Amino acid sequence: EPEVTQTPSHQVTQMGQEVILRCVPISNHLYFYWYRQILGQKVEFLVSFYNNEISEKSEIFDDQFSVERPDGSNFTLKIRSTKLEDSAMYFCASSDNRNTIYFGEGSWLTVV
Amino acid sequence: AQSVTQPDIHITVSEGASLELRCNYSYGATPYLFWYVQSPGQGLQLLLKYFSGDTLVQGIKGFEAEFKRSQSSFNLRKPSVHWSDAAEYFCAVGTANAGGTSYGKLTFGQGTILTVHP
């Protein structure tokens, strides 16, 4: 079964550093998403991306965050200047036009 | 705004027993509903989804869910639980983008942790 792959699986970074989380969505999918799950809290929507632009974003997705699809296969989430509260599991997801949404295994980000 | 409530934070069942995990949603339009499962250290795996049609939906691993509009519920069931079903289960409601072509903005419940006793 096709799957969404994410790298790295775990990253530790110092506060104020830039972080890039990478995702390879399923190849024929059209919609791409990032979600996050702070430890002990709900999974939260961050952003959706379609046709090379952001289609929707949440209040969490402020100017410190950006997304990009640089080469037609990868989908990245960049956090420009990490804060302690950015520590979370970040999930990439993709969906086809039948709205079956597949999630990756997540990238655990720890900001120290 | 849409919301999802999973009233049970933790459920324990014996292997072979039946299971029902509760999910209630609040959404103004026709809901698009999902159940995901997350095993420790793993990602979110889609169990089943409801978009329209038959209100009893079959999913993978022997799970099913029933959409009840009058009760705003989408409870997950399994007739006989296996030890490998121990995991955390998330109910989610999807809302459409502006063009109505994607329902990937999901609002999740807080999850129900399932423990299975041998």
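The chains referred to below are lettered A, B, ... by the order of the sequence lines, with proteins before strands, and numbering in each begins at 1. Every value quoted in this text rests on a predicted model; they were computed, and no experiment measured them.
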J.: Taking A:Tyr102 as the starting point, is it possible to reach A:Val24 by hopping between hydrophobic residues whose side chains are less than 4.5 Å apart?
T.: no

J.: Does B:Lys68 have any side chain to side chain donor-acceptor pair (under 3.5 Å) partners at least two apart in sequence or in another chain, and if so, which?
T.: none

J.: Atom CZ of A:Phe91 and atom CG of B:Leu106: how far apart are they, to the nearest 0.5 Å?
T.: 12.5 Å

J.: Return yes when atom CG of A:Asp63 has more than 12 non-hydrogen atoms of other residues, nucleotides or ligands closer than 6.0 Å, and no otherwise.
T.: no

J.: Are any non-hydrogen side-chain atoms of B:Tyr32 and A:Ile101 less than 4.5 angstrom apart?
T.: no

J.: For A:Arg69, does the CZ atom sit with more than 12 other heavy atoms under 6.0 Å from it, leaving out its own atoms?
T.: yes

J.: Count the heavy atoms of every other residue, nucleotide or ligand shown that sit under 6.0 Å from CD1 of B:Ile9, and state whether that count exceeds 12.
T.: no

J.: A quick test of your reading: do over 12 heavy atoms of other residues, nucleotides or ligands sit less than 6.0 Å from CD of A:Glu59?
T.: no

J.: Against chain A, label B:Leu46 side chain, backbone, both or neither, depending on which of its atoms sit under 4.5 Å from a heavy atom there.
T.: side chain

J.: Following the transitive rule for hydrophobic clusters with a side-chain heavy-atom cut-off under 4.5 Å over Ile, Leu, Val, Met, Phe, Trp and Tyr, establish whether B:Leu48 and B:Leu33 coincide in one cluster.
T.: yes

J.: Quick check: under 4.5 Å, non-hydrogen atoms only, which of residues 34-47 of chain A neighbour chain B?
T.: A:Tyr35, A:Gln37, A:Lys42, A:Val43, A:Phe45

J.: Sort B:Gln45 into side chain, backbone, both or neither according to what part of it lies under 4.5 angstrom from a heavy atom of chain A.
T.: neither

J.: Nearest heavy-atom pair of A:Tyr33 and B:Lys105: which atoms, and what distance?
T.: CE2-N, 4.4 Å

J.: When clusters are formed by joining ILVMFWY residues with side-chain heavy atoms under 4.5 Å apart, either directly or through shared neighbours, do B:Leu21 and B:Val13 land in the same one?
T.: yes

